[in-house]
Amino acid sequence: MLRSAILAAARSSRVERLVAKAPLTRDVVRRFVAGAGTDDALRVTRELVDDGVQVSLDYLGEDTLTAEQAAAIKDEYLRLLKSLADGGLTPAAEVSLKLSALGQRFDEELAYEYAHAICAAAASAGTTVSLDMEDHATTDQTLDTLTRLRADFPGTGAVLQAYLRRTEGDCRELATPGSRVRLCKGAYAEPESVAFQSPVEVDRSYVRCLNILMSGPGYPMVATHDPRLVAIAEDRARWFDRPSDQFEFQMLYGVRPEEQRRLTEAGYTVRVYVPYGDRWYGYLMRRLAERPANLTFFARALTSRK
Ligand SMILES: Cc1cc2nc3c(=O)[nH]c(=O)nc-3n(C[C@H](O)[C@H](O)[C@H](O)COP(=O)(O)OP(=O)(O)OC[C@H]3O[C@@H](n4cnc5c(N)ncnc54)[C@H](O)[C@@H]3O)c2cc1C
């Protein structure tokens, strides 16, 4: 209930204005977002890379409504990739893209062209792109775009969401040699017709998908902070004789940093997803929906007069 309410608020511009004006919002945002500009993204990336962690950078912005906005987002990715390469931060750092930020909702072909340009810039910079997965209405379009991009850039990463009933089938399709697949639980409010609703069902689906990916010939990217799923992934890697450079763990910036350190020190590849930019509202609300404790922290910040 609470999760659905927060996810509904994530799409409300009235709540967005209220949240943006609250005095301590900036402190809460800072926990999950690297900062507003490219310099902030580069600084945080360097800190993480120096600590032996890999990075996937996301320039915030989703549900773009105009071609100008989509072009501006594409241009920022091109600038970012050049700066990453100039700073010697590739291939440790790659980028994550939301097709809705590139105009998918009003012009699918435009989003493909911009994503293609970003993949080409990433290839020149010696790194890769992963396509974030958004709500279920866009899954087919996003997977189609992925197939087209992979024809020219086979290293393009996919994201699959274990809460969707279809995902086991998608895992089978995408478990091909070299295929990079990020498996996450899924962060959007989805109806029962397409998605498992209870946490137990989602976790079971995650394990079934993990088994397919870890036993297959692709490159699984295990995106979760859930201690039980992390332990199961470690177990499956041993069981399927998968060496630590043949899969990776992924976590979000600001979430369970000690666990990120523990896994890195244990010799696993760990990649941290680092968002930056000033359009943080939808991203922040999804992080709040995931964990009631974050909401208490946030409510305190919203009501504080400081
Ligand atoms: C690298 C990465 C990329 C992702 N990309 C996508 C994507 O493209 N599309 C998509 O739909 N979703 C994406 N997600 C989000 C994902 O779907 C989940 O919503 C999110 O990861 C929470 O699920 P969980 O597996 O961590 O388990 P949960 O059951 O939510 O959490 C397990 C435990 O982790 C900790 N934790 C989890 N979330 C938080 C938080 N926000 N703050 C503090 N502690 C927390 C808590 O200790 C919690 O008990 C991504 C997640 C990661 C890590």
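In listed order, ligands and their atoms are each counted from 1. Please read all numbers here as calculations on a predicted model, not as lab measurements.
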Glu201 and Arg204 ion-paired at < 4.0 Å = no

request  = Using distance alone, with no hydrogens and no angle criterion, decide if Glu234 and Tyr268 have a side-chain donor and acceptor under 3.5 Å apart.
outcome  = yes

task = Using the side chain to side chain donor-acceptor pair (under 3.5 Å) rule, pick out the option among Thr156, Thr127, Thr128 that qualifies with Glu94.
result = Thr128

query = What are the two closest non-hydrogen atoms of Arg286 and Tyr188, and how far apart are they?
reply = CZ-OH, 3.6 Å

ask   = Considering only heavy atoms, which protein residues lie less than 4.0 Å from any atom of ligand 1?
value = Arg31, Asp132, Met133, Val159, Gln161, Arg182, Cys184, Lys185, Gly186, Ala187, Tyr188, Ala223, Thr224, His225, Asp226, Gln250, Met251, Leu252, Val255, Tyr273, Arg287, Glu290, Arg291, Asn294

key: Residues, nucleotides or ligands: over 12 heavy atoms within 6.0 Å of Arg43 CZ   = yes

message = Is the distance between the ring centroids of Tyr276 and Tyr59 under 6.0 Å?
response = yes

